[in-house]
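The structure appears right after this line, and notes come after that.
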Amino acid sequence: QVQLVESGGGTVLPGESLTLSCTASGFIFNLYDMSWVQKAPGKGPKWVAIIGPDGSKAWYDDSVKGRFTITRDNTKNTLTLQMNNLQPDDTALYYCARAPLEKPLAVVQAQNEWDFWGLGTQVTVSA
């Protein structure tokens with residue numbers, strides 16, 4: 001069965017960095033667009049970074065552009081989010097999520113219709 005397992009969250013000071021990782025199993029990883037989705041307290045889920053199946057294309061929400069970098073290693077079935085210059089507004093539960101093959105990515109992005117999610121890893125940024 002499909003499994004997505006995140007790790008790497010923690011509590012940091014503003015301006016510090018964290019690296020989140022996601023290990024995927026149970027499906028052919030290199031066929032799928034993958035994302036990191038942020039769920040902040042009291043807010044709906046918001047994708048912050050998406051990467052294409054071969055890693056050559058990536059998209060970022062404006063709130064993280066220039067600070068976060070999404071990468072993938074298709075030989076190890078892993079997805080990574082490098083988070084630099086973290087700010088208190090980045091505090092959230094971060095999920096690794098998979099885009100379904102049968103829907104256009106634009107639809108998935110607009111409606112957060114990812115078909116599988118991990119359990120999430122908590123990132124807290126506080127002075």
Side-chain angles (χ1 to χ4, degrees):
Q1 71 278 22
V2 173
Q3 284 195 316
L4 299 169
V5 180
E6 303 95 338
S7 62
T11 300
V12 297
L13 297 171
E16 293 188 335
S17 299
L18 278 175
T19 302
L20 305 185
S21 296
C22 171
T23 300
S25 60
F27 64 102
I28 303 174
F29 185 67
N30 63 11
L31 292 181
Y32 291 83
D33 296 298
M34 298 294 298
S35 70
W36 287 98
V37 180
Q38 179 193 73
K39 178 71 172 67
K43 298 183 179 179
K46 178 179 80 170
W47 68 266
V48 293
I50 302 170
I51 190 165
D54 66 0
S56 63
K57 294 183 180 179
W59 300 265
Y60 297 94
D61 182 77
D62 286 346
S63 64
V64 307
K65 210 172 283 186
R67 300 188 298 123
F68 290 10
T69 302
I70 187 171
T71 57
R72 66 192 295 162
D73 185 338
N74 285 344
T75 67
K76 298 179 180 178
N77 286 3
T78 57
L79 181 73
T80 300
L81 186 68
Q82 176 64 44
M83 312 165 74
N84 296 330
N85 190 21
L86 282 159
Q87 300 300 316
D89 281 351
D90 298 319
T91 295
L93 200 56
Y94 285 79
Y95 297 91
C96 170
R98 189 185 83 168
L101 291 178
E102 67 272 19
K103 292 186 179 181
L105 183 59
V107 171
V108 177
Q109 287 176 271
Q111 301 177 13
N112 271 313
E113 291 186 347
W114 314 98
D115 62 356
F116 284 95
W117 302 60
L119 294 180
T121 186
Q122 178 67 38
V123 172
T124 302
V125 185
S126 174

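For reference, positions follow the sequence shown, starting with 1.
Note that NZ of Lys39 and CD of Gln122 are 11.0 Å apart. Values are rounded to the nearest 0.5 Å. For the atom pair NZ (Lys57) and CD1 (Ile51), the distance works out to 12.5 Å, reported to the nearest 0.5 Å. Atom CG of Asn77 and atom CG of Asn30 lie 7.5 Å apart (nearest 0.5 Å). Note: Leu93 CG to Gln38 CD = 10.0 Å, rounded to the nearest 0.5 Å.
Applying the ring pair (Phe, Tyr, Trp, His ring centres under 6.0 Å) test to residues at least two apart or on different chains, none of the pairs has a partner in residues 41-77. Within the structure, disulfide bond (SG atoms under 2.5 Å apart) pairs that include any residue of residues 17-124 comprise Cys22-Cys96 (at least two apart or interchain).
Met34 and Leu101 fall within the same hydrophobic cluster, where Ile, Leu, Val, Met, Phe, Trp and Tyr residues are linked whenever their side-chain heavy atoms come under 4.5 Å apart, directly or through other members. Val2 and Val5 sit in two unconnected hydrophobic clusters of ILVMFWY residues. Membership requires side-chain heavy atoms under 4.5 Å apart, directly or through other members. Neither Val108 nor Trp36 shares a network with the other; the hydrophobic side chains, linked directly or stepwise wherever heavy atoms of I, L, V, M, F, W or Y lie under 4.5 Å apart, form separate groups for each. Both Met83 and Val12 are part of a single hydrophobic cluster, where members link through side-chain heavy atoms under 4.5 Å apart. Hydrophobic clustering (ILVMFWY, side-chain heavy atoms < 4.5 Å, transitive): Val37 and Leu18 are in distinct clusters.
Side-chain atoms of Leu31 and Pro53, non-hydrogen and from C-beta on, never get closer than 4.5 Å to each other. In this structure, the side chains of Arg72 and Leu79 come closer than 4.5 Å at one or more pairs of heavy atoms. Side-chain contact between Thr19 and Thr80: present, with at least one pair of heavy atoms (C-beta onward) separated by less than 4.5 Å.
Shown here are the ring-ring contact (aromatic ring centres under 6.0 Å, His included) partners of Tyr32, two or more places apart in sequence or in another chain: Phe27. By the side-chain hydrogen bond (donor to acceptor under 3.5 Å, both in side chains) test, Ser63 is found to be paired with Lys46, Asp61, residues two or more places apart in sequence or in another chain being considered. Looking at residues two or more places apart in sequence or on another chain, you find no ring-ring contact (aromatic ring centres under 6.0 Å, His included) involving Tyr94.
In this structure, Asn84 and Ser17 approach most closely via the heavy-atom pair OD1-OG, 3.0 Å. Taking every heavy atom of both residues into account, Ser126 and Leu13 meet most closely at O-CD2, 3.4 Å. Between Gln87 and Pro14, the closest heavy-atom pair is OE1-CB, 4.4 Å.
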Side-chain polar contacts of residues 110-121 - donor-acceptor pairs under 3.5 angstrom, sequence neighbours left out - could you list them?
residue: Asn112; atom: OD1; partner: Trp114; partner atom: NE1; Å: 2.9
residue: Asn112; atom: ND2; partner: Pro45; partner atom: O; Å: 2.9
residue: Glu113; atom: OE1; partner: Lys103; partner atom: NZ; Å: 2.5
residue: Asp115; atom: OD1; partner: Arg98; partner atom: NE; Å: 3.0
residue: Asp115; atom: OD2; partner: Arg98; partner atom: NE; Å: 3.4
residue: Asp115; atom: OD2; partner: Arg98; partner atom: NH2; Å: 2.7
residue: Trp117; atom: NE1; partner: Trp114; partner atom: O; Å: 3.3
residue: Thr121; atom: OG1; partner: Gly9; partner atom: N; Å: 3.0

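Here the rule is side-chain contact (heavy atoms from CB on, under 4.5 Å) with Val48, and of Val64, Asp90, Ile70 only Val64 fits it.
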